[in-house]
Structures are given as structure tokens and as C-alpha cells.
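Taking it in order: structure first as C-alpha cells, then the write-up.
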Amino acid sequence: CCIKWLSKYPKLTKGSKTVEFEKKFAEWIGCKHAVFVNSGSSANLLMLYALKIQKLMKNNKVCVPALCWATDLAPVLQFDMEPLLVDCNLDNLSVDLEHLESLFKNEKPSALLLVSVLGLSPDMAEIVKLCEKYGVILLEDNCESQGTMFNGTKLGNFGLMYSFSTYFGHTMSTIEGGFITTNDDDLYHTLLQLRSHGWGIVTG
């Protein structure tokens with residue numbers, strides 16, 4: 001089936017189908033913009049890079065859950081940022097809220113890269129409240145929890161940017177691939193340029 005399709009549509013990089021997929025994915029999540037990338041790992045990398053490019057970070061400290069993937073911690077280290085590991089709770093395997101607030105209060109990080117694992121939902125109401133209280137940018141890694149809801153709202157609607165994976169082992173598969181979604185117009189255009197190595201992009 002794939003071979004037959006490729007014989008009729010030989011374009012193997014970004015084309016009209018990608019733009020259509022981005023629009024439909026953004027609509028499904030409930031966000032304004034979606035940027036398709038080669039993996040959820042790259043989605044995490046580009047979210048942090050976009051913060052640097054837009055000069056949105058007050059310092060180089062980023063909170064990362066101790067229970068996460070290497071691809072959440074690796075981009076923090078790659079950009080020479082300081083990771084602050086947050087302990088997990090045993091209810092939803094997300095961040096321990098007391099430890100998170102302690103780090104927010106004492107370390108004053110720029111961002112939290114929140115990770116939702118195994119289709120579970122963190123306590124988004126409390127996490128958003130803490131981020132707003134301490135001026136911390138919330139990024140969501142929803143690669144394992146695509147479609148999961150918190151109080152009727154899909155994960156991917158609580159922070160500034162959100163990553164998803166369409167790797168073959170996840171909920172929706174393109175074999176390889178991932179998404180970043182956001183409601184921020186400036187970040188959207190920055191992400192498009194970063195995805196394409198700094199080229200200016202005109203979208204359909």
C-alpha cells in the first residue's frame with residue numbers, strides 16, 4: 001500500500017499533505033498552530049531552541065521530571081541549560097507538586113518541561129497555578145499521552161508549546177514523526193524556520 005502511494009506521490013519531504021495534516025492535527029488538539037517534525041525528540045529540542053531564539057528565558061534553568069525520557073533531558077544539556085530534576089508522585093507518575101514548588105521558589109527556573117507518561121494526566125490545574133505564581137514557562141511533552149484529557153480538555157492546551165510523537169509505538173503513527181503545537185504566532189514562525197534550518201517559509 002505504501003509503495004503504491006509513493007509511486008503516485010514521490011515527494012518525500014514537506015508537501016501539501018504535510019500542511020493538511022498540520023492543520024487537522026492542530027484542530028484536533030484545539031490549538032492554533034501545529035508544526036510537523038521528524039520526531040517527538042526533535043519537537044522537544046525545537047521547543048527549547050525557540051525559547052532561546054525568542055529570548056523568553058530569564059535564566060538557563062529548566063525543571064525536568066526525574067521520570068522522563070532521555071529526549072527530555074538531552075536538549076536541556078545540549079543547549080547548556082541547567083536541568084533541575086523534579087521528583088515524581090505515585091498517583092499519576094507526574095511531578096511531585098511539593099518538590100516542584102520548592103524548586104520554583106528556591107531556584108527560580110525559566111521553564112518546566114512537563115512530561116505526561118503512559119497516557120496518564122498530571123494535575124494540570126495545580127501545575128498551571130504554580131507556573132503562573134512563580135513566572136515559569138510551561139512546556140508539555142505529550143508524546144505518550146496524545147488524546148489524554150484533564151477535566152475535559154486535551155493535554156496540549158495548558159502551556160506555551162506542546163510536543164507530540166507519531167513514532168510507530170505511539171497512539172497515532174506516521175512510522176516516524178512528531179508535532180509541536182502552540183497558539184503563539186511568533187513562536188510558530190520561529191519553529192517553522194528552525195525546522196527548515198533558518199529558511200523563511202511561506203505556508204499554504
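Residues take their numbers from the sequence shown, with the count starting at 1. Bear in mind that the values here come from a model prediction, so they are computed numbers and not experimental data.
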Between [X] and [Y], is any pair of side-chain heavy atoms under 4.5 Å apart?
X      : Y      : result
Val62  : Met57  : yes
Leu191 : Met161 : yes
Met47  : Leu187 : no
Val35  : Leu46  : no

Counting N and O atoms only, with roles assigned by atom type, does the side chain of [X] sit under 3.5 Å from a partner on the main chain of [Y], one being a donor and the other an acceptor?
X      : Y      : result
Asp96  : Cys88  : no
Asn183 : Lys32  : yes
Glu140 : Leu114 : no
Asp72  : Trp69  : yes
Lys58  : Gly135 : yes
Glu82  : Asn60  : no
Ser163 : Gly40  : no
Asp141 : Leu113 : no

Grouping I, L, V, M, F, W and Y whenever their side-chain heavy atoms are under 4.5 Å apart, do [X] and [Y] come out in a common cluster?
X      : Y      : result
Val64  : Leu45  : yes
Phe79  : Leu85  : yes
Phe158 : Leu51  : no
Trp28  : Leu155 : no

Exercise. Do Phe164 and Phe25 have their ring centres less than 6.0 Å from each other?
Worked result: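 So the answer is yes for these two rings.
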
Problem set entry | Pair Lys129 + Glu126, salt bridge at N-O below 4.0 Å | yes

For [X] versus [Y], what's the shortest heavy-atom pair and its separation?
X      : Y      : value
Thr166 : Gly178 : OG1-N, 3.4 Å
Ile127 : Val95  : CD1-CG2, 3.9 Å
Val115 : Leu67  : CB-O, 4.4 Å
Arg195 : Phe36  : NH1-O, 2.8 Å
Asp123 : Phe150 : OD1-CZ, 3.7 Å
Ile29  : Asn157 : O-ND2, 2.8 Å

Exercise. If we ignore angles and hydrogens, is there a donor and acceptor under 3.5 Å between the side chains of Asp184 and His33?
Worked result: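 Looking only at side-chain atoms, His33 and Asp184 do not form any donor-acceptor pair under 3.5 Å.
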
Could you tell me the separation between the [atom1] atom of [X] and the [atom2] atom of [Y], rounded to the nearest 0.5 Å?
X      : Y      : atom1 : atom2 : result
Gln78  : Asn44  : CD    : CG    : 11.5 Å
Leu100 : Glu98  : CG    : CD    : 11.0 Å
Leu112 : Leu160 : CG    : CG    : 12.0 Å
Tyr162 : Ile180 : OH    : CD1   : 12.5 Å
Glu27  : Lys24  : CD    : NZ    : 9.0 Å
Gln54  : Thr190 : CD    : OG1   : 3.5 Å

Problem set entry | Single hit among Ser145, Cys143, Ser121 for side chain to side chain contact (heavy atoms under 4.5 Å, CB included) with Ser116 |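 Running side chain to side chain contact (heavy atoms under 4.5 Å, CB included) over Ser145, Cys143, Ser121 with Ser116 returns exactly one hit, Ser145.
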
For this session: Hey, can you tell me if Phe21 and Phe179 have their rings parallel, tilted or perpendicular (30° and 60° cut-offs)?
Result: perpendicular

For this session: Could you name each residue pair satisfying side-chain hydrogen bond (donor to acceptor under 3.5 Å, both in side chains) that touches residues 99-110, not counting sequence neighbours?
Result: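 Those involving residues 99-110 are Asn59-Ser110, Lys61-Glu107, Glu101-Lys133, Glu101-Tyr134, Ser102-Asn106.
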
For this session: Start with the C-alpha distance between Leu48 and Leu139, add both sets of side-chain angles, then the distance that settles side-chain contact (heavy atoms from CB on, under 4.5 Å), and finish with yes or no.
Result: CA-CA 9 Å; Leu48 289 173; Leu139 307 174; 3.9 Å; yes

For this session: Please report the C-alpha distance between Leu138 and Val128 in whole Å, then the side-chain angles of each, then the deciding distance to 0.1 Å, and finally whether the side-chain contact (heavy atoms from CB on, under 4.5 Å) criterion is met.
Result: CA-CA 8 Å; Leu138 176 58; Val128 168; 4.0 Å; yes

